[in-house]
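Notes follow once the structure below has been shown.
Being a predicted model, the structure only gives us computed values, none of them experimental.
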Amino acid sequence: MKKPLLKLTAVLGVGLGLVATGCSLKKGAGKTTANGGVVIDAPSKVTDVIEGSEVFIEGHTPELWVKWASDHEVTQGEYEKYCGYRDARAWGGSNCPAFNVSWYDALVYCNKRSIDEGLKPCYKIMGSTNPDDWGETPVASYGSCPEPTGIDEGAWNAAKCNFGANGYRLPTTAEWEYLARGGNTSSKGQTTYSGSNKIKDVAWYEGNSEKTTHEVKKMSPNALGLYDMSGNVWEWCWERVRRGGSFEDGSDMCTVQYSDSIEPLLYYPDGSHCPYGCIGFRVVRSSLSNGSDGGSDDYVGLESESSGSDNESTSDYGDEENWGWGPVP
């Protein structure tokens with residue numbers, strides 16, 4: 001099994017906007033809603049170039065579908081409502097972020113929650129949007145983690161996403177970076193971490209975490225009212241990239257532009273310390289419409305931008321060309 005590829009990028013961040021201390025949100029950028037999220041007024045495409053970013057670069061215009069984002073990382077309590085939690089729970093509690101969650105498990109959670117709330121599921125695996133039809137998720141085999149179960153990873157890796165559906169999904173890495181930067185796509189006003197140049201204001205990281213997760217929303221939010229986009233736990237993106245850093249990591253990994261391509265099933269199934277764990281996720285939606293008929297029926301798979309193939313194929317999770325691009329229509 002291939003080891004994860006690491007890519008360290010330069011340091012940049014988002015504009016400061018501390019809602020908790022009474023500062024107002026950027027007009028039209030977002031507002032906290034009753035269901036634990038923020039309505040996002042994002043452009044459909046970003047043409048701006050941000051110095052140091054590998055997503056918002058010259059000659060590339062990432063599409064953004066996000067219209068709502070959870071203001072916190074999915075908690076252990078929220079995750080356990082729909083999925084069995086594998087971790088030994090040596091750290092944290094029900095209001096701490098779920099972590100040691102594989103990319104596959106995150107897709108299961110998103111569709112189960114969407115179905116439960118009467119929304120159109122975003123993910124299709126093996127021709128079905130119902131996770132009950134998908135069977136067991138693949139299990140990691142890395143370092144001291146358990147051996148694989150023999151589940152066909154290929155069928156899971158061929159997952160497709162409907163970006164027009166109104167259900168829950170992972171953000172693309174371009175959407176994640178847009179959210180982490182507080183909606184600021186200008187090179188002016190950028191800061192190192194999501195919400196501040198001072199990491200201790202916005203993030204739980206190795207310098208202040210005491211080697212454990214912390215309850216969500218205890219640090220200051222960024223300009224969109226989103227918490228913990230730097231630190232606490234890593235966050236999965238659709239392209240099988242993790243972003244944001246974790247309580248175990250140094251400040252260099254908690255910046256808004258650090259990207260790490262990683263195998264989709266790495267986590268700590270038994271609570272033991274395996275490399276590259278501490279991964280959770282945050283959910284977003286492309287539409288706030290209600291009902292299971294919300295959205296199109298256009299399901300697309302992952303591809304590298306230069307592949308030129310149809311939507312049936314998937315990209316390699318270690319393919320740096322795919323970082324930040326999302327699906328190819």
Under the 6.0 Å and 45° cation-pi test, does R243 pair with Y258?
-> no

Are any non-hydrogen side-chain atoms of [X] and [Y] less than 4.5 angstrom apart?
| X | Y | answer |
| --- | --- | --- |
| W234 | M253 | yes |
| Y205 | K200 | yes |
| D116 | K81 | yes |
| D228 | H214 | no |
| P43 | L64 | yes |
| I125 | Y104 | no |
| Y178 | F56 | yes |
| L170 | W103 | yes |

Given ring pair (Phe, Tyr, Trp, His ring centres under 6.0 Å), test W134 with W156 step by step and report yes or no.
-> CA-CA 8 Å; W134 300 348; W156 286 82; 5.7 Å; yes

Examine the side chains of E177 and S53 and answer whether a donor and an acceptor come within less than 3.5 Å of each other.
->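 There is such a pair (donor and acceptor under 3.5 Å, judged by atom type) between the side chains of E177 and S53.
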
No-hydrogen, no-angle side-chain donor-acceptor test under 3.5 Å, D48 and S186 =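 Result is no, nothing qualifies.
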
For side chain to side chain donor-acceptor pair (under 3.5 Å), just list the numbers for S220 and D201, CA-CA rounded to whole Å, side-chain angles, deciding distance to a tenth of an Å, and then say yes or no.
-> CA-CA 6 Å; S220 296; D201 290 342; over 6 Å; no

K67, NZ atom: more than 12 neighbouring heavy atoms under 6.0 Å =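 Atom NZ in K67 is packed in, count exceeds 12.
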
At what distance, to the nearest 0.5 angstrom, does [atom1] of [X] lie from [atom2] of [Y]?
| X | Y | atom1 | atom2 | value |
| --- | --- | --- | --- | --- |
| D260 | R240 | CG | CZ | 15.0 Å |
| D249 | N232 | CG | CG | 11.5 Å |
| W238 | W65 | CH2 | CH2 | 11.0 Å |
| K112 | N130 | NZ | CG | 8.5 Å |
| T213 | E248 | OG1 | CD | 10.5 Å |
| Y123 | S128 | OH | OG | 15.5 Å |

Ion pair check, R169 and E175, cut-off under 4.0 Å = yes

Go through Y193 and M229 one step at a time and tell me if the side chain to side chain contact (heavy atoms under 4.5 Å, CB included) criterion holds.
-> CA-CA 8 Å; Y193 310 102; M229 295 206 74; over 6 Å; no

Geometric class of the F281/Y109 ring pair [parallel <30°, tilted 30-60°, perpendicular >60°] | perpendicular

